[in-house]
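Computation of the quantities below employed the complete heavy-atom set of this structure, encompassing side-chain atoms and omitting hydrogens, waters and symmetry-equivalent molecules. Below, read A as the first sequence line, B as the second, and so on, with proteins coming before strands; counting in each chain starts at 1. In this text, all values refer to a predicted model and were calculated from it rather than measured experimentally.
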Amino acid sequence: MAYRVVHYINQFFAGIGGEDKADHELEVREGVVGPGLALANALKGEAEIVATIICGDNFAAMHSEQVCAAVENACKQYQADLLLAGPAFNAGRYGTACGMVSSFVQKNVGIPAVTAMYKENPGVDIYKKDLYIVETGDSARGMGTAVPAMAKLALALLKGEQPSKEHGYIERGVRVNTFYDTCGAERAVTMLLKKIKGEPFTTEYPMPVFDRVEPRPAVKDMKSATIALVTSGGIVPKGNPDHIAASSAQNYGEYSLSGINDLTADKHQTAHGGYDQTYANQDADRVLPVDVLRDLEKEGVIGKLHEMWYATVGNGTSVANARRFGQEIGQKLKDAQVQAVILTST
Amino acid sequence: MKLELHRIRISKLEFGSSTGVRNGVLTVNKDELEKFLLEDERLAGVSLDVAHPGESVRILPVKDAVEPRCKLSEGNEVFPGFIGDVDPVGEGKTLVLEGMAVLTTGRLVAPQEGIVDMSGPGAEYTPFSQTCNLVVVLEPSEEVKLHEAESVCRIAGLKAAHYLASRCKEAVLSQAVAADTVETFDAPALTEAMHAYPNLPKVAYIYMLQSQGLLHDTYVYGVDAKKILPTLISPTETMDGAIISGNCVSACDKNSTYVHQNNPVIKQLYARHGKELNFVGVIITNENVTLADKKRSSSYAVKLARMLGVEACVISEEGFGNPDADLVMNCWKAERAGIKTVLVTDEYAGRDGSSQSLADSCPEGNACVTAGNANMMITLPPMEKVIGDAPKADIIAGGFFGSLREDGSMEVEIQAILGATNELGFTRLGAYTI
Amino acid sequence: MMERRTLSGVVMRRMLLITNNRLFFGLCRPGLSVVAALEGCNDASTPLTSLDVVRIARDTIHRGWVLAHHPLYGNVRPRLQPFRTILLLEPERFVDGRPEPDLLSLHLISEAMTVYESERESLALVDAVPESLARDCAFLDAELMKETLAQAGVPATWSSDRTITCCRGQREGERL
Amino acid sequence: MATIVPISLSVGANRIIPTVSIPHPLGNPTLDPAAEKQLRRHLVEKALNALQTDVTEQTVFSGE
């Protein structure tokens, strides 16, 4: 008897509309809708999509409890054995919604869930620890590869198999125990012999390693250069609008400096959990030197202080996240023709 | 130094009128052994029990596991400094009752841990579900303080193990009973060892011993390891009980005396000795709490490795947190001295497996074997029989140990199971990233 | 390690014992300040958590104080050991008048914070621990600090039973 | 700009300016505001100077 699957998609993939319909209220329809058809075919009759949940991305973001509860009820009502969500490609809110409902259902309904999105979708870092996310291209052009991969992974989970790298999911960074063929001592001596002979070996626990980058040439004309401020010291507007975590940060913030000549206790604070916050909260210039750079800008020593500053919290941040933040921020500064960056850290 | 291990395979334990072995069955005179142990008046009570693989039995909290051994040849006895005098061991002939262990249990300190399940899912995670176990339940007398209570229980385990082996000694010497296997281990003088196998890489083993304090100690020839400077020890000395455990925390990654007697790294290095490598020595070092001791011991141990002129080392750890710093120091100091290393450790990656596994790291630590995530949860079904001191309700209730379900089953981290993530690589458990 | 060489000769290096273990609250030695990690400062005050003790030590290390021992002594299990005690030594290295943080202390205390923060929700709390467990944990915590205190010239005068006998006296607790 | 230079070196930074202290890298609360801002300016100027200096390897700009 075929497994029963419920599929979650947003307003766009349900053909209701684009951004204009992002407030579309959650509805449940029998059978397949949109990409559900291709997914159903890819499941080759071993599983069938019994219902499709359609929800606008804004509606999902604004009413998360209600949406999760509705998805939970739909899964129970249709006795779902698994939830499929997406694929969301590089659509940020859609990816986050897919991750939200998938991890909620796994925890509260106790059935597996599979979603799929581009590796830089914000939903990845939030939910990759909880569930399997198939890696897709950054646009719907990748549907042809995403659908069969989702189906294959879904069937593996339904059959209780342990997914492997071939299923193409994004590494979750979760350590799982297993019984190897040989005891740890034997594996150690074997690894040592390979290391001695210079043969390749795979460590069982990778320790963080930092790569090196080529130094950039000196700034020739500082008087007309645009300088940007970036910090891992956690300086953010009061209230930490982007909820950057005090440790193991999963995101960074981008904030405007227009009209700001000095950081003040009433408007700026630190979100960093790794040091005594008293002094940075009194005067955030002690971590992000906005006041001095504004003076230098007025005196013509530098061309311009870039109007945006970027901040994250460097406290137990994973190397992978830190590298991704750096690449994204670097690209944005390059696009904004910034010549040089002052990086401050605590 | 040459040592022969004469192993008698034990497949069953029975209580009987006299202690001895015949056809793989060890009979034990219960009264005689209980009386012998009670000679130490610091013990108020001793009771013995047996448990065999596959039975519905749980033993808890296990303090130590010891393999019964005694010398067949002249010279000092096994467990120097406790049973034997303090002269060197590791030579001649030693009798081993293989396939069995003495497990000591009894409540010393509130945190109850050290589970051995003889069947069910828990059995997979402890080597002692595969041995016939003589369980010695110890009850220190009331007025004995914790320090003395710990040493009384430790010594009782060694006494019981030595008693069992020595009761079989006559039969073996008179050839009434033949050893099932005899294995010879050679540990030549350094001058000879250095020239043997010139084309094979010279390898040493840096053997870290837990040494943080009460209930976290290890003894070498009776000396508390926190008081030693790193030193050389012959692998054959470890087979005669030169290193014994006084460590009860954590059950999963402490080295019981049994594991010190049967060190898997030494076993592997011997197995490839003369074929793929030249195993030239064992360096023991400690894991003290003060930073000055950590710096001193790690530098001293690496200096000994350099004096031996080895090309590579296996480094094994015992414990988590504090010892991670020693492991990392030993690693990067050896690598920077040009000595290649492989680290053997375990992980505390949280119940969801997504926390940082080690409390320290260094880029030089690029070759690591781990014995798995100790925080992994497991459900242990109720057992028909519990030997030892079942955990108190309030301890269980506080979730400090695990959570007890109405049907009597227990949900615990494998951290509470004896030897589950042993950092000498004794078992096949490991971990990988999904 | 304990004496600081100055022009005028050897000076006992000031020490700070940060702890939420009541067994230490009465300990007093010249040059040793005991920082009782308590919420409020009367007898009804509740001990702070082990995470708080590590955090106070971290902020103090940022100001140049040096760890005498590894903060994760005792095969740490935040879920099972509610008590934490950290001994710090007066700053030793100064750069134009300001104490320079000690690199090893900085590294170890930030690793310790990572371990404690990863178990933030399941910390054993001093007052929530059953009496039998609390008594043994407090005693073990003190035992495991014995070696460090001895090397720091603070012989711990507690007998091997479960209480610490120490001299009553004004506690030079430095309120942090 | 960071207080703990060895950490900046280990993560691969190429131009490094040592700063005051972890909780207040570009300040010193014990100084009066004007003096503190002067200290901050001095450090930022060192950073601008480093940006205008060609380097071929990881370099710590610690001179006065």
Side-chain angles (χ1 to χ4, degrees), chain C residues 4 13-14 16 18 33 35 37 48-49 51-72 84 86-118 120 174-176, chain D:
Chain C
R4 183 159 50 89
R13 206 167 159 193
R14 274 191 312 127
L16 214 51
I18 303 169
S33 309
V35 175
L48 291 178
T49 69
L51 172 60
D52 294 318
V53 169
V54 178
R55 183 176 41 74
I56 295 168
R58 178 201 63 195
D59 293 347
T60 315
I61 287 169
H62 285 175
R63 298 210 313 278
W65 287 71
V66 180
L67 275 172
H69 62 102
H70 198 287
L72 298 178
R84 190 68 355 191
I86 293 183
L87 181 68
L88 296 176
L89 311 173
E90 193 181 8
E92 204 177 27
R93 288 182 19 253
F94 293 82
V95 167
D96 42 38
R98 275 200 317 282
E100 186 74 0
D102 172 64
L103 293 185
L104 182 59
S105 304
L106 197 57
H107 173 67
L108 294 178
I109 201 71
S110 55
E111 292 290 344
M113 277 302 285
T114 306
V115 170
Y116 271 86
E117 273 176 348
S118 68
R120 174 186 287 275
E174 189 182 332
R175 277 283 156 261
L176 286 172
Chain D
M1 300 186 78
T3 304
I4 307 303
V5 170
I7 293 181
S8 309
L9 286 168
S10 75
V11 298
N14 286 320
R15 293 182 174 87
I16 302 167
I17 314 291
T19 54
V20 176
S21 137
I22 289 175
H24 41 81
L26 296 164
N28 183 344
T30 60
L31 303 174
D32 62 77
E36 184 176 30
K37 190 169 182 187
Q38 182 48 36
L39 164 66
R40 181 154 50 248
R41 170 139 184 159
H42 172 64
L43 290 168
V44 170
E45 281 170 348
K46 268 169 78 176
L48 295 180
N49 162 43
L51 285 170
Q52 295 171 84
T53 313
D54 273 312
V55 293
T56 52
E57 51 176 8
Q58 295 188 274
T59 312
V60 179
F61 293 79
S62 53
E64 269 325 294

What residue, out of D:Pro23, D:Pro6, D:Ser21, has the most heavy-atom pairs lying under 4.5 Å from chain C?
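Ranked by contacts with chain C, first place is D:Pro6.
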Separation between CD1 of D:Ile22 and OG of C:Ser110, rounded to the nearest 0.5 Å:
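Those atoms lie 8.5 Å apart.
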Just verifying a value: how many Å separate D:Ile4 CD1 and C:His107 NE2, rounded to the nearest 0.5 Å?
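So the CD1 of D:Ile4 and the NE2 of C:His107 are separated by 13.0 Å.
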Got D:Thr3 and C:His62 here, is their nearest side-chain heavy-atom distance under 4.5 Å?
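No, their side chains stay 4.5 Å or more apart.
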